[in-house]
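What follows is a single structure, written as structure tokens, with notes after it.
All values derive from a computational prediction rather than experimental measurement.
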Amino acid sequence: MQDRTYTENAEPGDDVTVAGWVHEIRDLGGIAFLILRDTTGKIQIKFEKDEMDEDLVETGLGVSRESVVSVSGSVEEEPRAPTGVEITPDELEVISEADPELPLDPSGKVDADLSTRLDNRTLDLRKEEVQAIFEIRAEILRAAREQFREFHCTEINTPKIVATGTEGGTELFPITYFGEEAFMNQSPQLFKQLIAGSNVERVFEIGPIFRAEEHNTPRHLNEATSIDFEGAFCDADDAMDVAEGVVTAAYEAVAENCSDELEALGLAEEFEAPDGDFPRLSYEEAIERINATGELDEQLVWGDDLPTEAEKALGDDVGGHYFITDWPSEIKPFYIKDHDDDEQLSTGFDLMHPRMELVSGGQREHRHEALIEGFKQQGLDPDQFEYYTKMFKYGMPPHAGFGLGGERLIMTILGLDNIREAVLFPRDRQRLSP
RNA sequence: GCCCGGGUGGUGUAGUGGCCCAUCAUACAACCCUGUCACGGUUGUGACGCGGGUUCAAAUCCCGCCUCGGGCGCCA
């Protein structure tokens, strides 16, 4: 195995050993072909029945699809072969035989339901287009990290087991922590603020968040990847600049570095990175614009949250990414700061993709007294959050940040219909394994 | 959490009371075929989510459960 050659590197004239999965066997009678697949692609193995060792032919053509085999032989140029080269085998070893009855078809001739695919993710990932999603996911996360570094951010990791939630206890997964009640964290919100208030100033985190909401939609997960930013001495506009930069960088990285994967997904032709200058509509402008579309039965009034229908109408109208800024304070969390000259108006913003919300952010309340007041107004006991609030007594700069839904970013970049496509092993209301 | 629509061989489907001992594709088995590239051909194997009910007769209608998908709410 140490001398194994990847199929894409098998050059005519070489004697090689390739190893991988049996993608398909085509038996034409006197001649037969075994298509061997590895992580780099496929290569054809030729069997001429009358001219080759009988045992070799029997083993090679008797093996079931998706079995793991290793083949040694000479690579020859062959225009009639799918990749232009084929291997004439001297030796073939069946390393791991596959059950002939597969739970789904990795060659993709017959579709499988998402549920069947997720139950058999290993087989599902043998499909080129599924593998492409996760190669692109890796590239998106790499590009996001790089972009944050360019914005002088430090990557942090905050605890996922916590004593209290961000906004109360209702939508948290409770766990037992050495006999004490604890929760899976729904957001790194409070922790990232605590670090932004130190000399570190600018931080980002890419990590899991857990939400116990019993929704069942194509765009929600109970365990998701949150891409978070928090920066000291930043205001909402600064945070929006960062969000815009990260989202745009992700698109650009995919466009530049993932052409094979886009090809596999059938997106190579139409794929386009946005120009990175997303319109910033105030909440007030947004509801006016939604009302003007005439898509809604009832006109929105100031103070309403935007129903899904309204988001869709506005998304169609704008036709690309856009921000909604200056939301009514009442419908934004308490830790979002109000405008100094209008306490009805928050500095909260959302970044919207025409299909759904991607980002939620804002400038944070950094004044200790106002923060304590915010907890009380939200019906939360400030004492429970003392680990957090007390740091606001020792020099907390103004700061702003956001949370970006990692899977939603991947989903919208690739036009996936279901967010579960963007996660290897998604956790939803019904799915706890694999 | 509320509302809607589904669950048929390994996989994906057709089939709204008897005309269907369940259709088609693919997979699987056997045979034929010396250049396939979704190879082709012949034959064969294999299924009505679970439990109860209605009916002379149920995949099909009703009830409960499990499960999948979608919409809304909420969100990232």
Side-chain angles (χ1 to χ4, degrees), chain A residues 23-35 42-52 57 62 64-66 78-84 86 98-120 123-124 127 166-167 170-171 186-189 206-229 243 247 305-312 331-333 350-353 355-361 402-412 417-420 422-423 428-431:
Chain A
H23 187 69
E24 197 165 20
I25 292 171
R26 295 203 188 97
D27 190 340
L28 277 62
I31 193 167
F33 305 106
L34 183 157
I35 313 297
K42 300 184 199 106
I43 197 160
Q44 176 161 287
I45 319 290
K46 175 181 66 174
F47 293 90
E48 284 182 296
K49 293 179 190 170
D50 292 340
E51 293 166 33
M52 287 169 54
V57 172
S64 53
R65 285 158 80 232
E66 297 305 319
E78 174 51 71
R80 290 172 292 186
T83 57
E86 68 184 7
D99 191 317
E101 211 143 79
L102 300 169
L104 57 79
D105 173 21
S107 75
K109 285 182 205 159
V110 182
D111 287 342
D113 285 342
L114 182 56
S115 172
T116 307
R117 293 173 43 208
L118 294 175
D119 284 340
N120 301 280
L123 287 169
D124 187 45
K127 290 187 278 194
T166 309
E167 292 153 53
T170 53
E171 48 195 28
Q186 64 169 179
S187 158
Q189 181 62 36
I206 299 180
I209 55 170
F210 305 91
R211 301 194 175 178
E213 287 147 11
E214 296 195 29
H215 38 214
N216 191 11
T217 84
R219 58 183 184 283
H220 287 92
L221 292 164
N222 293 293
E223 178 176 354
T225 307
S226 187
I227 301 173
D228 273 87
F229 164 78
V247 169
D305 206 344
L306 302 188
T308 307
E309 202 187 358
E311 285 180 4
K312 282 179 182 158
I331 51 179
K332 280 289 166 188
D350 288 352
L351 171 58
M352 309 293 299
H353 177 275
R355 289 177 63 195
M356 74 192 78
E357 183 179 334
L358 282 182
V359 169
S360 186
F402 63 81
L404 160 62
E407 282 79 14
R408 287 191 175 185
L409 180 63
I410 296 159
M411 180 186 181
T412 52
D417 289 332
N418 193 311
I419 198 163
R420 294 164 180 83
V423 191
D428 62 34
R429 176 70 192 88
Q430 299 293 340
R431 186 171 291 276

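Gln189(A) is not listed as a side-chain neighbour of Pro333(A), based on a closest heavy-atom distance of 4.5 Å or more. Counting only heavy atoms from C-beta outward, the side chains of Val247(A) and Leu409(A) approach each other to under 4.5 Å.
Across the protein-nucleic acid pair, Leu306(A) atom CG and rG73(B) atom C1' stand 14 Å apart, rounded to whole Å. With rounding to whole Å, Glu66(A) atom CD is found 14 Å from rG10(B) atom C1'. Atom P of nucleotide rG1(B) and atom NE2 of His215(A) are separated by 12 Å, given to the nearest angstrom. The NZ-P distance, from Lys127(A) to rA38(B), rounds to 17 Å in whole Å. Regarding Asp105(A), its CG atom lies at a distance of 10 Å from the C1' atom of rA38(B), rounded to whole Å. Atom CD1 in Ile25(A) sits roughly 14 Å away from atom C1' in rA29(B) (whole-Å rounding).
The nucleotide rG10(B) finds its pairing partner in rU26(B), both defining distances of the Watson-Crick or G-U wobble pair being shorter than 3.5 Å. When both distances must be under 3.5 Å, the Watson-Crick or G-U wobble mate of rG51(B) is rC63(B). Using the Watson-Crick or G-U wobble rule with both distances under 3.5 Å, rU34(B) pairs with nothing in any strand shown. Pair check for rC72(B) finds rG1(B); Watson-Crick or G-U wobble, both atom distances under 3.5 Å.
Listed for the His215(A) side chain is no donor-acceptor partner under 3.5 Å among the backbone atoms of Thr217(A). A donor-acceptor pair is defined here as one N or O able to donate and one able to accept, closer than 3.5 Å; no such pair exists between the side chain of Asp124(A) and the backbone of Asn120(A).
Comparing the P positions of rU60(B) and rG53(B) gives a spacing of 14 Å, expressed to the nearest Å. A distance of about 7 Å separates the P atoms of rG9(B) and rG49(B), rounded to the whole Å. Between the C1' atoms of rA47(B) and rU26(B), the separation comes to 15 Å (whole Å). A distance of about 15 Å separates the P atoms of rU54(B) and rC63(B), rounded to the whole Å. To the nearest whole angstrom, the two P atoms, one in rG15(B) and one in rC20(B), are 15 Å apart. Only the C1' atoms considered, rG40(B) is 16 Å distant from rA25(B), to the nearest whole Å. Between the P atoms of rA57(B) and rG69(B), the separation comes to 37 Å (whole Å). Here the separation of rC68(B) from rA29(B), taken at their P atoms, is 31 Å to the nearest Å.
Side chains of Ser115(A) and Asp113(A): no donor on one and acceptor on the other come within 3.5 Å. Counted by atom type alone, Thr225(A) and Glu407(A) present one or more donor-acceptor pairs between their side chains at under 3.5 Å.
Between the CG atom of Asn418(A) and the CG atom of Leu118(A) there is a distance of 8.0 Å, given to the nearest 0.5 Å.
Of the candidates rA76(B), rC72(B), rU26(B), rC72(B) carries the atom nearest the Lys312(A) side chain, counting heavy atoms from C-beta on. Looking at the side chain of Glu311(A), the nearest of the listed nucleotides rC75(B), rC68(B), rA76(B) is rC75(B). Nearest to the side chain of Thr116(A), among rC75(B), rG12(B), rC68(B), sits rG12(B). Between rC72(B), rG10(B), rU11(B), one nucleotide has an atom nearer to the side chain of Glu101(A) than all others, and that is rG10(B). Of all nucleotides listed (rG12(B), rC75(B), rA76(B)), rA76(B) comes nearest to the side chain of Leu221(A). Closest to the Gln430(A) side chain, of the nucleotides rG12(B), rU67(B), rA76(B), is rU67(B).
For Thr308(A), no side-chain nitrogen or oxygen approaches OP1 or OP2 of rG71(B) to under 4.0 Å. The phosphate of rG73(B) (OP1 or OP2) has no side-chain N or O of Asn216(A) nearer than 4.0 angstrom. OP1 or OP2 of rU11(B) has not a single side-chain nitrogen or oxygen of Lys109(A) nearer than 4.0 Å. At rA76(B), none of the side-chain N or O atoms of Ser187(A) fall inside 4.0 Å of OP1 or OP2 (strictly under the cut-off). Contact annotation: Ser226(A) does not reach the phosphate of rA76(B) (side-chain N/O to OP1 or OP2, under 4.0 Å).
Residue contacts shown for Ala112(A) are limited to sugar-phosphate atoms, with no base heavy atom under 4.0 Å away. Among the atoms of the strands shown, only primed sugar atoms or phosphate atoms (P, OP1, OP2) are found under 4.0 Å from some heavy atom of Arg65(A).
Under 3.5 Å, the side chain of Arg219(A) and the base of rA76(B) form no donor-acceptor pair of N or O atoms. Judged by distance alone, with hydrogens and angles left aside, Arg429(A) brings no side-chain donor or acceptor close enough to the base of rC68(B) to form a pair under 3.5 Å.
The shortest heavy-atom contact between Arg408(A) and Arg219(A) is NH2-O, 2.9 Å. Contact detail for Glu86(A) and Gln44(A): the closest heavy-atom pair is OE1-NE2, 3.0 Å.
Taking the nucleotide of RNA chain B with the nearest heavy atom to each of Leu104(A) and Val359(A), the more 5' of the two is matched to Leu104(A). Along RNA chain B, the nucleotide nearest to Pro100(A) and the one nearest to Leu358(A) differ in position, and the one closer to the 5' end is contacted by Pro100(A).
Under the side-chain contact (heavy atoms from CB on, under 4.5 Å) rule, Arg431(A) has a single partner from Asn222(A), Leu221(A), Asp119(A), which is Asp119(A).
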Listing time: all N or O pairs from protein to nucleotides 33-35 of chain B that are below 3.5 Å?
residue: rC33(B); atom: N1; partner: Leu28(A); partner atom: O; Å: 3.4
residue: rC33(B); atom: O2; partner: Leu28(A); partner atom: O; Å: 3.2
residue: rC33(B); atom: N3; partner: Asp27(A); partner atom: O; Å: 3.2
residue: rC33(B); atom: N3; partner: Gly29(A); partner atom: N; Å: 3.4
residue: rC33(B); atom: N4; partner: Asp27(A); partner atom: O; Å: 3.3
residue: rU34(B); atom: OP2; partner: Gly30(A); partner atom: N; Å: 2.9
residue: rU34(B); atom: O4'; partner: Ile31(A); partner atom: N; Å: 3.3
residue: rG35(B); atom: N1; partner: Glu86(A); partner atom: OE1; Å: 3.4
residue: rG35(B); atom: N1; partner: Glu86(A); partner atom: OE2; Å: 3.1
residue: rG35(B); atom: N2; partner: Gln44(A); partner atom: NE2; Å: 3.2
residue: rG35(B); atom: N2; partner: Glu86(A); partner atom: OE1; Å: 2.7

